[in-house]
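Read through the structure below, which is laid out as structure tokens, and then see the notes.
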Amino acid sequence: MMNRLTGLLVGAGLMVVAGLALTHNLPWRYDVAFGDEMTYLASGLTYTFPPDPYLAQWGSLYAAWLRFLQVFAPDTLDLFYLNWRLLIILSGGLLFLYLYLRKSGFAVSLFCALCFQFSALNVLLDPRISAFTLCLMLAGLGLIQARNWSARQVLLLTAVTALVCAYVRPEFYVSMFIALGVAVGTFLLPKLRRNEKWPRALAEMAGVVVLVVLMRFLFGNPLAQDDQGSNRSFQAFVQHFSINYNTWHNRPVDIPIIDQFKLIEEVFGPDVKSLRDAFRAHPDLVVRHFWTNIANTTKAEFRVLGSLFFETPLKNLNSPYRKWILAGLLAVVVFGLIDLRGTFRQLRTKRIRLTSRELAFLVLLLPSLGSVVLVFPRTHYLYFHAIALVTMAAFLLKNIQWRPRQSPVWLGGLASLMMSWVVFQTVQQQKEVQPTPVADNIRFIRSLALKGTVSTLEREWYRVFLYGPGQQPRWVQVESYPENTDFGRFLNEKNVNFILMTRDMQRYFANDRGFATFQPKTGGFVRMKSPEPGSYLLIRPELLADQASVSWLPGR
């Protein structure tokens, strides 16, 4: 049998190779999706140290990570895809390390990590800030598993891990306080009473406290409110309570943010500024919101489990006999390779114990467990739950007793089989080149080599990709335009010099009389064809470089 270090290195290497194959040619297979990730990307492009304390609630360390990657990918679109690719590779590799250090076995750890890495949940995750948080979390948990720490040290390492994660996703600040509290109340105070090695224990605790204070001084307070923060938790409640409320009343759930806050004001009153205020005003509705989330989360957990261990392994296997193939394969494995009696005996002897390491995992999982109840079972919360599901699956799989002797040949054969699956999946995926209209539009506007400061009218996020060295684009929101008025005068008053008229923008202005009568040439704009079918660019000539091409698009 291979030793632990060899297994660690071989498995990590295989995961990196699999990740590189999975993400090859990524920009031509997946399009840019606008959303919260664009806010984080903009923060990374403008990041300075020490950062604005406001960033403490909006992924300060993630912005620093993006700023670091910009050294290797100066172009913003390249940076977007580089970050996406690295997080897919890192999340799968770190998950393997964590499972293997938990002594789940080489083959089991590799199989579970590959299922997670290749899953749609991991590859298509949005926003990807959650993947960065998971990588930090898995790194901390891997360190905890790497050696025999005392229970107090495990909780202190958990607190440090949660502290670092809190400056990416602020809810982990709660986990940090819980881990510190448990370490003090359960492991430090008893030692002080018994006078057992208290100087060392006190020094370790003091070191963590100093780190907390230092991070607070440098990066701000992740749970700040009002002037120092953004009341982000209440904003999340507003957004997702409106979804549940409109679902209960058979109304459209996809409504603008302004209408979401209007709904909250109508339901709970104008003075409601927090979840606590909402509960005081209408506890019945808040409790119903919680129970709806619990029911939806339960269903979602089964979907995630099926996606990880059923859909992902059988992806690209489009045979009409797929279910029969799976049933036959399971029958061969269960009745031909597994020692069922030995497996049942093994599982009966395993007692589930809440060790300090398991407690560390639970404490770090608490933010996502609370979020799906208090807010909504969003995919990037369930993303963390997937790790818990994978860990439980690995526990069950590692206790299976096989009929064949588990020799190096046996392990090598299983690893080779899994790598063959990786090759098949990646070859199939490389054939699935899909349209990328958003990315093509971005490549087009980046090719224009714009000079001067862009003042863009838009409702999407193309402005993020217009950042230049030392300057930020000026954003004019479409909602600031008074409907059915003089569109040309509005553009002049707001100094707008750049409008990418995507199909979404055209739908927005479709019934506006002011836009319908606007003449681009008279208004001082040049109209240029853009790559997305049916869209075009309106731009002031002074923004264009002399050599700019009006329809440039790189070939694939």
Side-chain angles (χ1 to χ4, degrees), residues 33-43 51-63 126-130 133 165-175 219-248 251-283 285-290 292-293 296-297 366-384 459-461 464 475 477 479:
F34 291 140
D36 288 350
E37 185 68 18
M38 296 298 105
T39 300
Y40 301 121
L41 182 58
S43 298
D52 188 327
Y54 178 83
L55 272 184
Q57 283 204 346
W58 292 94
S60 193
L61 292 184
Y62 186 53
D126 184 56
R128 270 164 281 282
I129 189 172
S130 293
T133 312
C165 290
Y167 286 95
V168 185
R169 297 205 66 93
E171 56 267 29
F172 278 87
Y173 216 54
V174 177
S175 291
F219 298 102
N221 179 11
L223 301 181
Q225 302 291 333
D226 303 324
D227 294 339
Q228 296 180 342
S230 61
N231 203 3
R232 186 177 178 184
S233 59
F234 181 63
Q235 292 175 7
F237 170 75
V238 169
Q239 181 181 355
H240 296 96
F241 177 84
S242 68
I243 295 175
N244 281 338
Y245 188 86
N246 287 330
T247 301
W248 301 334
R251 300 175 182 172
V253 298
D254 188 15
I255 61 175
I257 295 177
I258 295 176
D259 292 339
Q260 293 170 1
F261 278 91
K262 287 180 180 178
L263 174 65
I264 295 298
E265 187 172 325
E266 291 172 3
V267 173
F268 295 104
D271 298 327
V272 171
K273 304 298 181 184
S274 67
L275 178 57
R276 183 184 301 173
D277 293 341
F279 187 80
R280 288 172 179 170
H282 274 292
L285 291 178
V286 175
V287 170
R288 185 180 180 186
H289 170 70
F290 293 164
T292 301
N293 287 342
N296 290 336
T297 299
L366 279 177
S368 60
L369 292 173
S371 295
V372 294
V373 176
L374 299 176
V375 182
F376 198 76
R378 296 185 66 180
T379 302
H380 64 271
Y381 297 146
L382 297 171
Y383 181 71
F384 293 96
R459 52 189 264 112
E460 295 169 304
W461 290 90
V464 175
W475 175 36
Q477 300 182 46
E479 290 81 6

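For Asp277 and Ser274, the side-chain atoms include at least one donor-acceptor pair closer than 3.5 Å.
Between the CZ atom of Phe237 and the NE2 atom of His289 there is a distance of 5.0 Å, given to the nearest 0.5 Å. To the nearest 0.5 Å, atoms CH2 (Trp461) and OG1 (Thr39) are separated by 3.0 Å. To the nearest 0.5 angstrom, Leu275 atom CG is 11.0 Å from Arg280 atom CZ. Rounded to the nearest 0.5 angstrom, Ile264 CD1 and Asp259 CG are separated by 12.0 Å. Atoms CG and CZ, from Asn244 and Phe290 in turn, are 11.0 Å apart once rounded to the nearest 0.5 Å. Taking CD from Gln57 and CD from Glu171, the interatomic distance works out to 10.0 Å, rounded to the nearest 0.5 Å.
Ring-centre distance between Phe268 and Phe241: below the 6.0 Å cut-off.
Of all the heavy atoms in Pro377 and Asn296, the pair that sits closest is CG-CB, 3.8 Å. Here the shortest heavy-atom pairing between Leu55 and Ser43 reads CD2-OG, 3.5 Å. Between Ala33 and Met38, the shortest heavy-atom distance links the atoms O-CE, 4.0 Å. Listed here is the closest heavy atom pair of Ile129 and Glu37: N-OE1, 3.4 Å. The two residues Val267 and Tyr245 come nearest to each other via the heavy atoms CG2-CZ, 3.7 Å. Counting all heavy atoms, side chain and backbone alike, Asp126 lies closest to His380 at O-ND1, 4.3 Å.
Counting heavy atoms from C-beta outward, Arg169 and Tyr62 have side chains that stay 4.5 Å or more apart. Between Arg459 and Phe34 there is no side-chain heavy-atom pair separated by less than 4.5 Å. Under the 4.5 Å side-chain criterion, counting only non-hydrogen atoms from C-beta, Phe234 is in contact with Val272.
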### Task
Starting from the C-alpha separation in whole Å, work towards a yes-or-no answer on side chain to side chain contact (heavy atoms under 4.5 Å, CB included) for Arg378 and Tyr383.
CA-CA 9 Å; Arg378 296 185 66 180; Tyr383 181 71; over 6 Å; no
### Query
Can Ile258 and Lys262 be said to form a side chain to side chain contact (heavy atoms under 4.5 Å, CB included), step by step?
CA-CA 6 Å; Ile258 295 176; Lys262 287 180 180 178; 3.8 Å; yes
### Task
Test side chain to side chain contact (heavy atoms under 4.5 Å, CB included) on Thr247 and Thr292 and set out the steps.
CA-CA 10 Å; Thr247 301; Thr292 301; over 6 Å; no
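The aromatic rings of Tyr167 and Phe219 lie tilted to each other, with the angle between the two planes from 30° to 60°.
A distance-only check finds a donor-acceptor pair linking the side chain of Asn293 to the backbone of Val375 [under 3.5 Å].
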